[in-house]
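No hydrogens, no waters, no symmetry mates; every other heavy atom, side chains included, goes into these values. Because the structure is a prediction, the values reported are computed rather than measured.
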Amino acid sequence: MTATLSEALAKFLKIKRASMRSEATIKWYTSVLSAMSDNIGHTVLVSTVTDDDLVDYITELRERDQRYVDEKQKPAQAGGLRHESIRTHIRALKSFWKWCSKSYGIANPMDAIPMPRRRDPQPKSIDPSDFCKLMDATLDSPAGIRDRAILALLADTGVRAGGILSLQVETIDAVRGRGRVLEKGYKERWVYWSHHTSLLVQKWMQVRESHTDSFVVNVSTGEPLTYSGLAQMLKRLKKRAKVRGRVNAHAFRHNFARMYLIGGGDLVTLARLLGHSDVNVTAAYYAVFADNELADLQKKYSPVDRMLD
């Protein structure tokens, strides 16, 4: 028994939703695999798709992205981004065709296509000095009190945007400095923060007015803050603070990981604090340092210096 690309794709996405994958993951699969289906043909049987079809499709993606790089005339910057974009496409294709092979008893046409090596990533964290500027740019108002609590939680826990938006008042233990969040894939976990952050959290809870149990709310309506609302809040603070670097929830997450490791924290514990089940993910995406930072870390933890002191 076989199916068309369109039918297989619909079933694949249905299974992903049933397995409680996050909406962001579903959206990613839908975008990548729909583009492939558009290229090869929605009514084509999956059993007739060959490795040549997929090689041609991936080659076309690379050529299209290279034209983008040439037009922008920023080969160094755009080239790195485009390489990773192609790599994520191939990762989605491999997942889909592995499932098709098992579900329909066909040869996997992606087996002949190797996964591209990941290029050395560059640090993507917010600059610590920019964090201080953002805090200074908050207002002396309920909105400002809320914003300071949000900034502190993002910087002190490495929590994802979805996690901080999922915080409920009843799950916060301000005395112990922790709260329970719900993140990608509907995974529930505890996040922990320092005494300074606890003070800001408690101050916000004292002025927060809402008919809901959501910790982060719109100060005007009392409704839970949305992804868009959080992004707009960070964007407003960035403009007010005249910050030019990265300012988004994930930049705070990267900074938390980097500063934790620079301060001497271990990778295994960091993986747990970030909510990773695989420490290799933490190492590949968050233990990322510039050359000068690596040199400083070597000097700080030099085994020779320790032995000879």
Side-chain contact, heavy-atom cut-off 4.5 Å: Tyr285 with Thr282? no
Worked check of side-chain contact (heavy atoms from CB on, under 4.5 Å) between His42 and Leu9: CA-CA 9 Å; His42 303 292; Leu9 176 55; over 6 Å; no
Are Tyr301 and Leu267 grouped together when hydrophobic residues (ILVMFWY) are joined by side-chain heavy atoms under 4.5 angstrom apart? yes
Is it the case that the ring center of Tyr286 lies less than 6.0 angstrom away from the ring center of His276? yes
When you measure from the side chain of Thr269 to the backbone of Asp266, do you find a donor-acceptor pair of N or O atoms at a distance under 3.5 Å? no
Cut-off 3.5 Å, side chains only: do Ser129 and Asp127 have a donor facing an acceptor? yes
Assess the pair Tyr104 and Trp99: is the distance between their ring centroids shorter than 6.0 Å? yes
Compile the donor-acceptor pairs under 3.5 Å between side chains in residues 235-243 and protein atoms, sequence neighbours left out, one pair per line.
from	atom 1	to	atom 2	distance (Å)
Lys238	NZ	Gly245	O	3.0
Arg240	NH1	Ala137	O	3.0

When you look at Lys133 and Asp136, which way does the side-chain contact (heavy atoms from CB on, under 4.5 Å) test go after all the steps? CA-CA 5 Å; Lys133 292 177 182 177; Asp136 290 341; 5.6 Å; no
Are the side chain of Arg146 and the backbone of Val207 linked by a donor-acceptor contact shorter than 3.5 Å? no
Distance from Lys16 atom NZ to Leu33 atom CG, nearest 0.5 Å? 10.0 Å
Nearest atoms (heavy-atom pairs only) where Ser37 meets Ser6: OG-N, 4.4 Å
How about Met36 and Leu5: do any of their side-chain heavy atoms sit closer than 4.5 Å? yes
For the side chain of Lys98 and the backbone of Leu93, is there at least one donor-acceptor N/O pair under 3.5 Å apart? no
Mark yes or no for whether Arg17, through its side chain, and Ile26, through its backbone, hold a donor-acceptor pair below 3.5 Å. no
Less than 4.5 Å apart, side chain to side chain, heavy atoms only: is that true for Tyr57 and His89? yes
Evaluate the side-chain proximity of Ile90 to Pro116: yes if any heavy-atom separation is below 4.5 Å, no if none is. yes
If only side-chain N and O atoms count, and only distance matters, is there a donor-acceptor pair under 3.5 Å linking Thr226 with Ser228? no
Nearest heavy atoms of Val169 and Met205, plus distance in Å: CG1-CE, 3.5 Å
Same apolar cluster: Leu45 and Ile106, side chain cutoff 4.5 Å: no
Flag side-chain contact, heavy atom, 4.5 Å: His250 against Arg253: yes
At what distance, to the nearest 0.5 angstrom, does CD1 of Ile262 lie from CG of Asp296? 8.5 Å
Yes or no on side-chain contact (heavy atoms from CB on, under 4.5 Å) for Leu225 and Val217, after CA distance, side-chain angles and deciding distance? CA-CA 5 Å; Leu225 202 65; Val217 298; 5.9 Å; no
Qualifying residue, where the test is side-chain contact (heavy atoms from CB on, under 4.5 Å) with Phe252 and the options are Leu234, Leu153, Val159: Leu234
Could you check if a side-chain atom of Arg272 sits within less than 4.5 angstrom of a side-chain atom of Arg189, using non-hydrogen atoms only? no
In the structure I gave you, are the side-chain heavy atoms of Glu188 and Glu183 within less than 4.5 Å of one another anywhere? no
Asp156: which residues meet the side chain to side chain donor-acceptor pair (under 3.5 Å) condition with it, sequence neighbours left out? Ser194, Thr197
Taking Glu7 for its side chain and Thr4 for its backbone only, find out whether a donor-acceptor pair lies under 3.5 Å. yes
Might you point out which heavy atoms bring Val247 and Leu134 nearest each other, and give the distance in Å? CG1-CD1, 3.9 Å
Heavy atoms only: give me the nearest Ser47-Thr2 pair and the separation to one decimal. OG-OG1, 3.5 Å
Heavy atoms of Gly158 and Leu274 approach each other most closely as O-CD2, 3.9 Å
Any side-chain to backbone donor/acceptor pair from Ser101 onto Trp97? Under 3.5 Å, distance only. no
Ignoring hydrogens and geometry, is there a side-chain-to-backbone donor-acceptor pair from Lys94 to Ile113 under 3.5 Å? yes
Would you say Leu182 ends up clustered with Leu167 if hydrophobic residues are merged whenever their side chains have heavy atoms under 4.5 Å apart, either directly or through other cluster members? no
OG/Ser277 to NZ/Lys187 distance, rounded to the nearest 0.5 angstrom? 5.0 Å
In this structure, would Phe256 and Val191 fall into the same cluster of hydrophobic residues linked by side-chain contacts under 4.5 Å? no
Quick one, Leu151 and Phe131 - any side-chain contact, counting heavy atoms below 4.5 Å? yes
Test side-chain contact (heavy atoms from CB on, under 4.5 Å) on Met233 and Ile150 and set out the steps. CA-CA 10 Å; Met233 182 273 283; Ile150 291 175; 3.6 Å; yes
Polar contact flag, side-chain donor to acceptor under 3.5 angstrom, Ser22-Thr25: yes
Nearest atoms (heavy-atom pairs only) where Thr138 meets Gly144: CB-O, 4.0 Å
With a 6.0 Å cut-off on the ring centroids, do Tyr29 and Phe12 count as close? yes
How many angstroms lie between atom CD1 of Ile145 and atom CD of Gln202, to the nearest 0.5 angstrom? 13.0 Å
Would His211 and Glu223 count as a side-chain hydrogen bond (donor to acceptor under 3.5 Å, both in side chains) here? Give the steps. CA-CA 8 Å; His211 60 283; Glu223 294 293 329; 3.2 Å; yes
Check for a donor-acceptor pair, side chain of Ser125 on one end and backbone N or O of His254 on the other, with a separation under 3.5 Å. no
Here the gap from Ile172 atom CD1 to Asp213 atom CG, rounded to the nearest 0.5 Å, amounts to 8.5 Å
I need the Met110 CE to Leu54 CG distance, nearest 0.5 Å. 6.0 Å
If Ile, Leu, Val, Met, Phe, Trp and Tyr residues are connected whenever their side-chain heavy atoms lie under 4.5 Å apart, and connections chain through other members, are Leu139 and Val219 in the same group? no
Take a 6.0 Å sphere around CG of Asp291 and say whether it holds more than 12 heavy atoms from other residues, nucleotides or ligands. no
Side chain of Ser19, backbone of Ile15: donor and acceptor closer than 3.5 Å? yes
Short side-chain to backbone donor-acceptor contact, Thr171 and Gln168, under 3.5 Å: yes
